[in-house]
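This report refers to the structure that appears directly beneath it.
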Protein chains: 4
Amino acid sequence: MRSVIQPDSQKRRPTFIEEARRRQIVQTAIRTIATRGFSQASLAEIARKAGISKGVISYHFDGKEALVEEILASLLREPADFVKARVDRENRPLAQLRAYVEANFEFMRTHRDHYVALVDLWGRRPDAASGGNRFDADAYEPSRHYLARILESGIEQGEIRDVPLRTTASLIQAAIDGVMLQWVLDEDALDLDAAISEVTDMITGHVRPFNSEAAS
Amino acid sequence: MRSVIQPDSQKRRPTFIEEARRRQIVQTAIRTIATRGFSQASLAEIARKAGISKGVISYHFDGKEALVEEILASLLREPADFVKARVDRENRPLAQLRAYVEANFEFMRTHRDHYVALVDLWGRRPDAASGGNRFDADAYEPSRHYLARILESGIEQGEIRDVPLRTTASLIQAAIDGVMLQWVLDEDALDLDAAISEVTDMITGHVRPFNSEAAS
Amino acid sequence: MRSVIQPDSQKRRPTFIEEARRRQIVQTAIRTIATRGFSQASLAEIARKAGISKGVISYHFDGKEALVEEILASLLREPADFVKARVDRENRPLAQLRAYVEANFEFMRTHRDHYVALVDLWGRRPDAASGGNRFDADAYEPSRHYLARILESGIEQGEIRDVPLRTTASLIQAAIDGVMLQWVLDEDALDLDAAISEVTDMITGHVRPFNSEAAS
Amino acid sequence: MRSVIQPDSQKRRPTFIEEARRRQIVQTAIRTIATRGFSQASLAEIARKAGISKGVISYHFDGKEALVEEILASLLREPADFVKARVDRENRPLAQLRAYVEANFEFMRTHRDHYVALVDLWGRRPDAASGGNRFDADAYEPSRHYLARILESGIEQGEIRDVPLRTTASLIQAAIDGVMLQWVLDEDALDLDAAISEVTDMITGHVRPFNSEAAS
DNA sequence: AATGAATGAGGTTTCATTCAT
DNA sequence: CATGAATGAAACCTCATTCAT
């Protein structure tokens, strides 16, 4: 359907102003989903909140499905970038692991909206017309892979005992997400600081070599 | 919309056949949400799958919101009942804790549909007209409380070290939910058996008294 | 997409009342197209003219495209049935041919709306999603075939000279349609009675055997 | 909308380059209508096909309605000019009549796009705001008049029998249009060469004086 | 002259809900 | 109890048109 004139399969270089609009719309949409819920986040409502007309969204996004995909991409990419920067500050794998966990929670605390929206978007299946992409299915793969590599070098350096890489990576991410979920569903039901400290202890305790004496 | 004035009496005792219909509708709705997603689970679609007419649903439920609430109640109650029965078989707190974790995963494996639906429903906020119930917010409180009591007796009996009750309870539930989430989003991305074993180890390891020699 | 439960590929036997509604909607739609033009014949306008709500049309027809197809079918079937009945009264092929032409014009005169709508619908291409049916392409085939059979028996019986069947059939239909078109575009630009008589003469004269003395 | 007060002077003589742009837009629009149908021929699509921006069309045409009018004028004028040139080569009315018919078909064959677009535009009524012009209604008047004059001189010169002028003119045009219609709706359903020859025979046969012996 | 971002009206469609049968 | 035709609000989307650059 889309005629691609340029060889590079890039449909068009987006203008600076266009990119700004797209970001604005995505951010407003996230805020709207977080505030009123996805079911109430109609294009009209998003446009109203952004102070623009409905048509602008349709102009910049190829339908609501495309907007949602960009929202999801944003919700996954932003914390990932933040976490990666934090992890890169550390040299030793165990410190990186701890940084990974703590950075996740740090980002959470300053971006609760993002996670409220994310939980509302979890499990959403794209419309049939979209061709059944596996976006959601692949959402966690990068995290698992990234964690697995940290664990791997930790094992090589003897800081981490010989855990199964992928499973342990899944587990670490799972603990983070599970805490986040409870915090998102009810901000007051959970002492986030205590949970962070406890999760970090549990994880580092779990991967620490048996003969290690120094508890964190 | 919901009359909460009379505690139980006035609203007519539900017929047996009526209860059966309600259960049938709820189960079909769960299957529909799991299969096609909540956004495609219109009353018409649910009725079609159940082999009944749309009107029946409206007759038995006071609007779609009421149906969704019953679905959520069902999705939370059924695993809770199953888990409680498993826990009750055990006498000692540590064994109960282990039973809690394992029963959760056992129920998951045989009821994947329920969890696919649950993840799709997570974070959903009820329509404004419904009066802003805190259903989701309270969803995890029973689990946390139940776990906290197990931990508490474990501490009293010396099987479990002196962990913060609520935070640790949150943590245990979090690990379970986080693994479940990844498994729901992509059945093949996770070795569920390995994850179960690893989660159980991590949790029991985390709560075990420091001088305890017996690793699980 | 459509699940066909019953073996006979019939999706459901339409109720009498449902058929009545469908006919009402189709007739109203034709009148609307004839009066205001297809571009103004929105579902809202059709519903307004029919005194029903927009939703009723969507309820009975699977989208506007399906309504248009039924309209086209109706616009082609009704005159065809009428003409066939007139032709069947005659025994001899030449008389049948004359009846064919005259019945076409007789139906036209009493159903100008139908033809105004038809001309507006001519050349319309279905939406891409519809799968590119060749409805329009096949619209004239039945007429050509029907005429060709009349010509064929006329040739066998010596009433009609040895004309090429399909081409002559196309020609006869073409003359009828061409006159109709001018009459539809401007009712007053054409003396329809004179045109009917002249067309009939031209056609019968064209197919009459060379030695035939009797002019019509 | 259209100011018809000043006959020609006031509205600024169109630049050469401006005229070229208008022609380009009209031709692209015709191609677009022929290819995708009028309903898909949005200004955006036409502009895309022409390699220009939407604004250019609005700049050169006073709205889409004005563009359509120019398209229709073009679709009627071009074949008329072509046919007139062919007819002018002949001296005798009967030969002119034959040239008229044959030139029409010759132009058709080399400009199928034009006729596909024309059939899609037939019967279209202008938007209410435009003031209800009778463009379509008058579309055939020039042809009828032109043909009538040929017939008239043929009658005067004894080459053509005393047929009713306007009605016969209508009839001739009708046969041409009717054949064209079937060919437009399905290119393969009709042997155009055979149809041309048969139409020419029918028409010349119809207008030939009774005592004329020489059939074409 | 030309661009393309923005508008806003209007179209089709979906869907929870109602109600006569 | 059940049906399914009907409603009407609201959603997404398209598109002609405008206008600052």
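Residue numbers begin at 1 in each chain, while the letters A, B, ... track the order of the sequences.
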**Report entry** Residue mapping more 5' on DNA chain E - nearest nucleotide basis, A:S53 or C:Y59
**Finding:** A:S53
What is the distance, rounded to the nearest whole Å, between atom [atom1] of [X] and atom [atom2] of [N]?
X     : N      : atom1 : atom2 : value
A:I17 : E:dT3  : CD1   : P     : 18 Å
B:F38 : E:dT14 : CZ    : P     : 18 Å
B:I57 : F:dA2  : CD1   : P     : 12 Å
D:L67 : F:dC15 : CG    : P     : 15 Å
B:F61 : F:dA2  : CZ    : P     : 12 Å
B:R48 : E:dC15 : CZ    : P     : 13 Å
A:R22 : E:dA5  : CZ    : C1'   : 14 Å
D:E45 : F:dT14 : CD    : P     : 13 Å

Query - Lys/Arg-Asp/Glu bridge criterion (N-O < 4.0 Å) met for A:R124, A:E65 - result: yes
Query - SB check D:K54 D:E45 (cutoff 4.0 Å) - result: no
Requested in this report: Could you tell me which residues satisfy side-chain contact (heavy atoms from CB on, under 4.5 Å) with B:R21, sequence neighbours excluded, listed by chain and number?
Outcome: B:Q24, B:I52, B:V56, B:H60
Query raised in the report: Any side-chain N or O of D:H60 under 4.0 Å from OP1/OP2 of E:dA2?
Result: yes
Query raised in the report: If you check the D:V56 side chain, which of F:dT7, E:dT3, E:dA5 turns out closest?
Result: E:dT3
Query raised in the report: By side-chain hydrogen bond (donor to acceptor under 3.5 Å, both in side chains), which residues pair with A:S74, not counting sequence neighbours?
Result: A:E78
Requested in this report: Tell me, please, which residues at least two apart from A:E70 pass salt bridge (Lys or Arg N to Asp or Glu O under 4.0 Å).
Outcome: A:R22
Report task. Using salt bridge (Lys or Arg N to Asp or Glu O under 4.0 Å) as the criterion, list what pairs up with B:R23, not counting sequence neighbours. Result -> none
Query - Short side-chain to backbone donor-acceptor contact, B:D120 and B:F38, under 3.5 Å - result: yes
Query raised in the report: Quick check: does any side chain N or O of D:R36 sit under 3.5 Å from a backbone N or O of D:A34, one acting as donor and the other as acceptor?
Result: no
Report summary line: Listed range with range, the stems formed with DNA chain F by at least 3 consecutive Watson-Crick or G-U pairs (under 3.5 Å) are E:2-21 with F:2-21
Query raised in the report: Below 4.5 Å, heavy atoms only, C-beta onward: do B:L67 and B:L43 meet side chain to side chain?
Result: yes
Requested in this report: Going 5' to 3' through nucleotides 16-21 of chain E, assign each nucleotide B (protein heavy atom under 4.0 Å from a base atom), S (under 4.0 Å only from sugar-phosphate atoms) or - (no protein heavy atom that close).
Outcome: SBB---
Report summary line: Sorted by position of nearest nucleotide on DNA chain F, 5' first, the leading residue of C:R21 and B:I52 is B:I52
